[in-house]
K.L.:
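Structure incoming, see below.
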Amino acid sequence: MTRAAWLPCTFSVVLLVACGSSAPPAAESRGALAQDREGPFDPVEASIPELRDALNAGRTTSRALVDSYLARIAAYDQSGPVLNAISAIAADAREQADRLDEERRTRGPRGPLHGIPVVVKDNFETADMQTAAGSILLRGWTSGEDATMVKKLRAAGAIVLAKTNMHEWAWGWETRGTLFGQTHNPYALDRVPGGSSGGTGAAVAASFASFGLGTDTCGSIRVPSANNNLVGLRPTYGLTSRKGIIPMSHTQDAGGPLARSVTDIAFAMDVLTGYDPADPVTKDGAGRAPATYTTFLQRQGLRGARVGILGNLLSRGPADEEIAGIIRKAAETMRAEGATVVEVTMPALPDFVDVEDGAPADLSISEFKFDLNDYLRDHPTAKVRTLADVLASGKLDSSIEPYLRMSEAQKQRNSPDYLRRVAQRKISGAATAGALAAQRLDALLYPTLRQKATKLGEAQHGVNCQLSAHTGFPAISVPAGFTADGVPVGLELIGPAWSEGSLIRLAYSFEQATRYRRPPASTPSLPRPSAPDPRHAADESRRSVR
C-alpha cells in the first residue's frame, strides 16, 4: 500500500479529478467549489481574488484563514502524508490576523493581499522566525530583520504564516537537509518536490497558504513549480530585491513567487517588485514594472502571439520523450488558441548552456564561498561564521558536500576564468535576445524539466534551468499536464529582459485553455475541525517556533 492509499474520495468537490473525474475544476472557481456557500469558507485552492472577495464580503476573516491553514499544516505536514514542508510557524499568526481584521473593519484593506496568509522559503530573513537555509547549524537563528521582499509582503497586509523547508544551503533539487530531513511531493509521496524551494512548492500545492516565496539561482522556483502543479516566475535579474536572502550566487540569485494560478502570480508581483537601495542591481529594474501585472491576465492572450519551441531543450534521448510529447501537445493547444508556434534551434546554445550538467557560464561554485562568507560576516550573531566552518562541522547533507568543497577550494574572487564566464553571460543574453528577435518571437518554449520528478534518494536529470539563470531573462513555469502515472509536468516560457507581463499574458491564456491545475489527493479539504494553537501545530523542538 502506498502512503496515500488511506485517503478516501469523499472530502470535497475539489477531489473529483484525483478520484476519477475527467474534468478538473476551473482555475478561477476552484475556491468556490471547495466550500458550501452557506457554510464556513474553505480556502483550499482559493485564489487571491477569491480570498479577497470572501474577506470583503464578510464570508470569512483573516483569523479564520489562519486557523484553516494551521489546521491543514497540523493534519498534513507531520501527520497523514507527512509532507515535511514547514520549518517554522509564526507564533503570533493569530494576533497578526486579528490586527488586520480590525484594520479592515475600521480603515479598509490596504490592497488585495490584506490579511491573506503566505509562506516564505527558509533563506529569506524573517524577524519573527528562524532563518536557517535548511541547515542544522543555523537552527533557531534570527537576524532580527525581514528581507526586503518579506517587508513588502507585510506592508501590503499579508500575514507571513510560516517558513518552508529548502534543500540545504540551496544546493540541490530534492529538498533535503540536516535540519529537517526530506520533503515529499504531495502528488507522489515517493518522489521529490523539486528544489531548492521544494518546501514552498509542496506547501502551496497543499493549500497551507495562498502563495509562497522562493529563490531561483538555477531553477529553484521553476523546478518545484513544475513538480507541484504550480506556476512559478523567476523575474528578470534586478526586478526584485535580494536584500535579506542568504546568498548562493550574487550573479544568478533571484527571488519570486510560486502560486496555484497565474492570477496569483500577477497579484504577488505587483507587491514584490521595485527599487531597493540596499540591493544596487534593482536600480536597473526601477520603473520597469507596470502599474499592475493583472492587466496581462488576458484570456485571449495567445491570439497573435509568436512562440518558438526550443529544440535544444526539448529532448536529448528516449528518457526525455514522455515529457517532450506533453510539451508538443501544449504547443498544439497554443496553436489552437491563435498563436503561431515555430521550431527554433540555437546552434550556439551548447557553448554557454550545457543542458544536462551545468554550463561554462555557471557562477555558483565560484561565488558561493565568497558570497556566503560576506553574508555571515555582516551577520555576526549567526551560529556559523564561514563556509570552511560548515565543512569542518561535518553537519551537512551528503548530497551537497562535493559542491561546497569545490566552492571552498576557490582561491580568489576574480580569477581570469571567472571573469571569462561573467563575460560569457552577456554573450548568452545577446544570443538569446537575437533568437527571439530574428523570428519576432514573444517567448521561447521548452519543458521545465525534461524528465519527471525523481524518486526519493535518486538524482534528478533533465533540468532546463540554465538559460534564464545565465541570461538574467525572466521565465515562467506553468502546469502542462501529467505523466501517465500522475506526476505533474511544467512547461517554461522565457522572454527578453523585463517581459514578465508578456509571459504572464501567454501563461494565463494557456492556463485558462487547459485548466491543468488540480489539488493533490494526499491533502484533501478538512471536515471543519477547530484549528490548533499555532504554538503546538508543529514539533517546537525541531521547528524552533518563536
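The model shown is predicted, which means the values in this text are computed figures rather than measured ones. In this chain, residues are counted from 1 in sequence order.
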K.L.:
Within a strict 4.5 Å, meaning less than it, do heavy atoms of the Ile494 and Tyr446 side chains meet?
P.N.:
yes

K.L.:
What's the verdict on side chain to side chain donor-acceptor pair (under 3.5 Å) for Asp270 and Thr292, showing C-alpha distance, side-chain angles and the deciding distance?
P.N.:
CA-CA 6 Å; Asp270 281 351; Thr292 174; 2.6 Å; yes

K.L.:
Please assess Ser143 against Glu125 for the test side chain to side chain donor-acceptor pair (under 3.5 Å), listing each intermediate value before the final yes or no.
P.N.:
CA-CA 7 Å; Ser143 69; Glu125 291 179 28; 2.6 Å; yes

K.L.:
For residues Leu138 and Val384, determine if any side-chain heavy atom of one lies less than 4.5 Å from a side-chain heavy atom of the other.
P.N.:
yes

K.L.:
Would you call Asp122 and Lys163 a salt bridge, using N to O less than 4.0 angstrom?
P.N.:
yes

K.L.:
State yes or no: are the ring centers of Trp171 and Phe368 separated by less than 6.0 Å?
P.N.:
yes

K.L.:
Looking at Glu337, Arg335, Arg505, which hits side-chain contact (heavy atoms from CB on, under 4.5 Å) with Leu302?
P.N.:
Glu337

K.L.:
So, are Glu45 and Arg517 salt-bridged, with charged N and O less than 4.0 Å apart?
P.N.:
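Looking at Glu45 and Arg517, the cut-off is met.
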
K.L.:
Any side-chain donor paired with an acceptor under 3.5 Å for Asp146 and Thr126?
P.N.:
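Their side chains do not contain a donor-acceptor pair, so the 3.5 Å distance test is not met.
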
K.L.:
After noting the C-alpha distance and the side-chain angles of His167 and Ser399, does the key distance pass the side chain to side chain donor-acceptor pair (under 3.5 Å) rule?
P.N.:
CA-CA 10 Å; His167 204 103; Ser399 67; 3.0 Å; yes

K.L.:
Indicate yes or no for a side-chain donor-acceptor contact from Arg176 to the backbone of Thr183 under 3.5 Å, with no hydrogens or angles considered.
P.N.:
no

K.L.:
Under a 3.5 Å distance rule, please check whether Arg104 uses its side chain to pair with a backbone N or O of His114 as donor and acceptor.
P.N.:
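At least one qualifying donor-acceptor pair exists.
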
K.L.:
For the residue pair His379 and Tyr375, does the interplanar ring angle fall in the parallel (under 30°), tilted (30 to 60°) or perpendicular (over 60°) class?
P.N.:
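Rings of His379 and Tyr375: parallel, as their planes differ by under 30°.
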
K.L.:
Closest approach of Gly115 and Ile159, non-hydrogen atoms and distance?
P.N.:
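Distance-wise, the nearest heavy atoms are O-CD1, 3.7 Å.
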
K.L.:
Name the one of Ile504, Leu445, Thr448 that satisfies side-chain contact (heavy atoms from CB on, under 4.5 Å) with Leu493?
P.N.:
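Going through Ile504, Leu445, Thr448 one by one, the side-chain contact (heavy atoms from CB on, under 4.5 Å) with Leu493 is satisfied by Leu445 alone.
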
K.L.:
Please step through side chain to side chain donor-acceptor pair (under 3.5 Å) for the pair Asp128 and Thr142, ending with a clear verdict.
P.N.:
CA-CA 7 Å; Asp128 56 342; Thr142 60; over 6 Å; no

K.L.:
Does the Asp284 side chain pair with the main chain of Gly238, one donor and one acceptor, at a distance under 3.5 Å?
P.N.:
no

K.L.:
If I take atom CD1 from residue Ile476 and atom CZ from residue Arg234, how far apart are they, to the nearest 0.5 angstrom?
P.N.:
14.0 Å

K.L.:
What verdict does the side chain to side chain contact (heavy atoms under 4.5 Å, CB included) test give for Trp173 and Leu449, after you've listed the backbone C-alpha separation in whole Å, the side-chain angles of each residue and the deciding distance to 0.1 Å?
P.N.:
CA-CA 11 Å; Trp173 307 117; Leu449 299 99; over 6 Å; no

K.L.:
When you check the side-chain N and O atoms of Trp141 and Thr381, is any donor under 3.5 Å from an acceptor?
P.N.:
yes

K.L.:
Please tell me whether Ser364 and Ser249 have a donor and an acceptor in their side chains that are separated by less than 3.5 angstrom.
P.N.:
no

K.L.:
Give a yes or no on whether a salt bridge exists between Glu103 and Arg110, defined as a side-chain N under 4.0 angstrom from a carboxylate O.
P.N.:
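Between Arg110 and Glu103 there is a salt bridge, with a charged N closer than 4.0 Å to a carboxylate O.
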
K.L.:
State, with a plain yes or no, whether a side-chain heavy atom of Leu387 is found less than 4.5 Å away from one of Asn373.
P.N.:
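The answer is yes; the side chains approach within 4.5 Å.
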
K.L.:
Ignoring hydrogens and angles, state whether a donor on the side chain of Glu500 or Thr236 is under 3.5 Å from an acceptor on the partner side chain.
P.N.:
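The answer is yes; a qualifying pair exists.
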
K.L.:
State whether the number of non-hydrogen atoms from other residues, nucleotides or ligands found under 6.0 Å of Arg303 atom CZ is greater than 12.
P.N.:
no

K.L.:
Will you find, in the side chains of Thr282 and Asp276, an N or O donor that is under 3.5 Å from an N or O acceptor?
P.N.:
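There is no such pair between these side chains.
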
K.L.:
Taking the side chain as C-beta and beyond, is there a heavy-atom pair between Leu363 and Met248 under 4.5 Å?
P.N.:
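SC-SC contact between Leu363 and Met248 ruled out.
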
K.L.:
If we only count heavy atoms from C-beta on, is the Leu491 to Phe510 side-chain gap below 4.5 Å?
P.N.:
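Side-chain contact under 4.5 Å: yes.
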
K.L.:
Within the structure provided, determine whether Ile221 and Leu233 are in side-chain contact (heavy-atom separation under 4.5 Å).
P.N.:
no

K.L.:
Among side-chain atoms of Gln412 and Tyr418, is any donor-acceptor pair under 3.5 angstrom?
P.N.:
no

K.L.:
If you define the side chain from C-beta out and look only at heavy atoms, does anything of Thr333 sit under 4.5 Å from Thr514?
P.N.:
yes

K.L.:
Under a 4.5 Å cut-off applied to non-hydrogen side-chain atoms, are Gln96 and Arg154 in contact?
P.N.:
yes

K.L.:
Give a yes-or-no answer on whether the side chains of Arg518 and Asn229 include a donor-acceptor pair shorter than 3.5 Å.
P.N.:
no

K.L.:
What are the two closest heavy atoms between Leu55 and Ser62, and how far apart are they?
P.N.:
CD2-N, 3.4 Å

K.L.:
Might you point out which heavy atoms bring Pro43 and Tyr69 nearest each other, and give the distance in Å?
P.N.:
CB-OH, 3.5 Å

K.L.:
Salt-bridge test for Asp362 and Arg421: reply yes if a basic N is under 4.0 Å from a carboxylate O, no otherwise.
P.N.:
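No, no charged N to carboxylate O under 4.0 Å.
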
